[in-house]
Amino acid sequence: VRAAADARAQAQAAEHARVEFEIHGTASARAQQASAEKAALQSKLQADKLPALAATCEELRSQLGASRATLDVASAELAAAKGQLAASVRERASAEAQHRMQHGMLANVTTELRAQGSLAAAAAQS
(Lines give C-alpha, C1' and ligand atoms only; values in the text may rest on other atoms or scores of the structure.)
Protein backbone atom coordinates (compact mmCIF):
# COMPACT_ATOMS: atom_id res chain seq x y z
CA VAL A 1 0.00 0.00 0.00
CA ARG A 2 2.78 2.28 0.87
CA ALA A 3 4.53 1.65 -2.43
CA ALA A 4 1.32 2.39 -4.24
CA ALA A 5 0.94 5.65 -2.31
CA ASP A 6 4.55 6.56 -3.10
CA ALA A 7 3.96 5.74 -6.75
CA ARG A 8 0.83 7.90 -6.78
CA ALA A 9 2.70 10.74 -5.07
CA GLN A 10 5.49 10.45 -7.60
CA ALA A 11 2.98 10.36 -10.45
CA GLN A 12 1.23 13.45 -9.06
CA ALA A 13 4.56 15.23 -8.63
CA ALA A 14 5.50 14.31 -12.19
CA GLU A 15 2.12 15.56 -13.47
CA HIS A 16 2.49 18.74 -11.44
CA ALA A 17 5.98 19.26 -12.86
CA ARG A 18 4.66 18.64 -16.41
CA VAL A 19 1.83 21.18 -15.90
CA GLU A 20 4.27 23.72 -14.44
CA PHE A 21 6.58 23.18 -17.41
CA GLU A 22 3.68 23.67 -19.85
CA ILE A 23 2.52 26.84 -18.06
CA HIS A 24 5.99 28.36 -17.95
CA GLY A 25 6.84 27.11 -21.42
CA THR A 26 3.60 28.53 -22.79
CA ALA A 27 4.19 31.87 -21.04
CA SER A 28 7.71 32.00 -22.40
CA ALA A 29 6.49 31.14 -25.89
CA ARG A 30 3.78 33.80 -25.63
CA ALA A 31 6.34 36.36 -24.51
CA GLN A 32 8.58 35.43 -27.45
CA GLN A 33 5.63 35.61 -29.82
CA ALA A 34 4.60 39.01 -28.46
CA SER A 35 8.16 40.24 -28.82
CA ALA A 36 8.31 38.98 -32.40
CA GLU A 37 4.94 40.59 -33.19
CA LYS A 38 6.13 43.89 -31.70
CA ALA A 39 9.30 43.78 -33.81
CA ALA A 40 7.26 42.94 -36.92
CA LEU A 41 4.88 45.84 -36.22
CA GLN A 42 7.77 48.25 -35.72
CA SER A 43 9.34 47.05 -38.96
CA LYS A 44 6.00 47.50 -40.76
CA LEU A 45 5.62 51.02 -39.34
CA GLN A 46 9.12 51.91 -40.50
CA ALA A 47 8.48 50.33 -43.89
CA ASP A 48 5.24 52.34 -44.17
CA LYS A 49 7.22 55.54 -43.55
CA LEU A 50 9.80 54.77 -46.25
CA PRO A 51 7.78 55.93 -49.30
CA ALA A 52 6.94 59.24 -47.63
CA LEU A 53 10.56 59.73 -46.58
CA ALA A 54 11.76 58.85 -50.06
CA ALA A 55 9.33 61.37 -51.58
CA THR A 56 10.50 64.04 -49.13
CA CYS A 57 14.13 63.30 -49.99
CA GLU A 58 13.38 63.53 -53.70
CA GLU A 59 11.57 66.84 -53.21
CA LEU A 60 14.49 68.22 -51.21
CA ARG A 61 16.92 67.03 -53.92
CA SER A 62 14.81 68.84 -56.50
CA GLN A 63 14.79 72.02 -54.42
CA LEU A 64 18.53 71.73 -53.92
CA GLY A 65 19.01 71.37 -57.67
CA ALA A 66 16.90 74.47 -58.27
CA SER A 67 18.81 76.35 -55.58
CA ARG A 68 22.12 75.33 -57.14
CA ALA A 69 20.90 76.54 -60.55
CA THR A 70 19.83 79.85 -59.01
CA LEU A 71 23.19 80.12 -57.27
CA ASP A 72 25.02 79.42 -60.54
CA VAL A 73 23.00 82.13 -62.34
CA ALA A 74 23.57 84.61 -59.50
CA SER A 75 27.29 83.79 -59.46
CA ALA A 76 27.52 84.38 -63.21
CA GLU A 77 25.66 87.67 -62.87
CA LEU A 78 27.97 88.72 -60.02
CA ALA A 79 31.05 87.86 -62.07
CA ALA A 80 29.67 89.88 -64.99
CA ALA A 81 28.93 92.83 -62.70
CA LYS A 82 32.44 92.66 -61.26
CA GLY A 83 33.84 92.64 -64.80
CA GLN A 84 31.73 95.67 -65.72
CA LEU A 85 32.82 97.47 -62.56
CA ALA A 86 36.48 96.75 -63.30
CA ALA A 87 36.03 98.06 -66.87
CA SER A 88 34.30 101.16 -65.51
CA VAL A 89 37.16 101.75 -63.05
CA ARG A 90 39.68 101.42 -65.88
CA GLU A 91 37.68 103.81 -68.08
CA ARG A 92 37.47 106.35 -65.25
CA ALA A 93 41.19 106.13 -64.58
CA SER A 94 41.86 106.59 -68.29
CA ALA A 95 39.48 109.59 -68.47
CA GLU A 96 41.10 111.15 -65.39
CA ALA A 97 44.57 110.68 -66.90
CA GLN A 98 43.40 112.22 -70.17
CA HIS A 99 41.83 115.13 -68.26
CA ARG A 100 45.08 115.75 -66.37
CA MET A 101 46.98 115.65 -69.66
CA GLN A 102 44.55 118.08 -71.28
CA HIS A 103 44.70 120.34 -68.22
CA GLY A 104 48.49 120.35 -68.44
CA MET A 105 48.34 121.14 -72.16
CA LEU A 106 45.87 123.97 -71.46
CA ALA A 107 48.17 125.34 -68.77
CA ASN A 108 51.08 125.25 -71.25
CA VAL A 109 49.03 127.00 -73.94
CA THR A 110 47.86 129.61 -71.41
CA THR A 111 51.46 130.20 -70.33
CA GLU A 112 52.55 130.55 -73.98
CA LEU A 113 49.70 132.93 -74.75
CA ARG A 114 50.57 135.08 -71.75
CA ALA A 115 54.20 135.08 -72.77
CA GLN A 116 53.28 136.06 -76.33
CA GLY A 117 50.88 138.71 -74.96
CA SER A 118 53.65 140.10 -72.77
CA LEU A 119 56.04 140.10 -75.72
CA ALA A 120 53.43 141.76 -77.89
CA ALA A 121 52.74 144.39 -75.23
CA ALA A 122 56.45 145.01 -74.80
CA ALA A 123 56.88 145.29 -78.56
CA ALA A 124 53.96 147.69 -78.77
CA GLN A 125 55.46 149.92 -76.09
CA SER A 126 58.80 150.11 -77.77
Side-chain angles (χ1 to χ4, degrees):
V1 174
R2 184 158 197 187
D6 285 342
R8 271 190 300 223
Q10 285 179 347
Q12 285 178 344
E15 179 64 19
H16 181 55
R18 186 187 65 76
V19 168
E20 284 290 320
F21 178 75
E22 285 181 10
I23 290 172
H24 291 296
T26 303
S28 176
R30 284 184 186 154
Q32 288 175 351
Q33 182 179 4
S35 178
E37 288 174 358
K38 180 182 175 184
L41 181 60
Q42 288 174 341
S43 294
K44 184 183 180 317
L45 290 174
Q46 289 177 351
D48 290 346
K49 291 179 184 178
L50 285 179
L53 290 174
T56 300
C57 286
E58 194 57 38
E59 181 181 339
L60 290 174
R61 278 190 193 111
S62 175
Q63 290 174 4
L64 179 60
S67 294
R68 283 184 180 157
T70 301
L71 176 61
D72 290 345
V73 169
S75 294
E77 289 174 355
L78 178 60
K82 284 181 178 180
Q84 290 172 350
L85 178 60
S88 177
V89 167
R90 286 189 302 270
E91 287 176 21
R92 180 177 176 185
S94 176
E96 286 176 351
Q98 188 175 16
H99 175 73
R100 283 191 300 275
M101 184 182 73
Q102 288 173 349
H103 189 268
M105 289 172 56
L106 182 60
N108 289 339
V109 168
T110 303
T111 302
E112 281 184 40
L113 288 174
R114 283 188 186 148
Q116 287 178 4
S118 293
L119 288 174
Q125 286 180 355
S126 29

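Quantities reported herein were computed from a predicted structural model and do not represent experimental measurements.
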Legend entry - Distance, nearest 0.5 Å, that separates CZ of Arg92 from NE2 of His99: 11.5 Å

Inset, instruction - Evaluate whether atom CE of Met105 has more than 12 neighbouring non-hydrogen atoms of other residues, nucleotides or ligands under 6.0 angstrom away. - result: no

Legend entry - Residue pair Gln63 / Glu59, side-chain donor-acceptor N/O under 3.5 Å: yes

Legend entry - Atom pair CZ/CD of Arg8 and Glu15 - distance to nearest 0.5 Å: 15.5 Å

Legend entry - Check: Arg90 main-chain N/O paired with Ser94 side-chain donor or acceptor under 3.5 Å: no

Inset, instruction - Look only at the side chain of Ser118 and the backbone of Arg114, and say whether a donor-acceptor pair between them is shorter than 3.5 Å. - result: yes

Please list, one pair per line, the donor and acceptor atoms closer than 3.5 Å that link side chains of residues 46-53 to other protein atoms, with sequence neighbours excluded.
residue : atom : partner : partner atom : Å
Asp48   : OD2  : Lys44   : NZ           : 3.0

Legend entry - Separation between CD of Gln102 and CD of Gln98, rounded to the nearest 0.5 Å: 5.0 Å

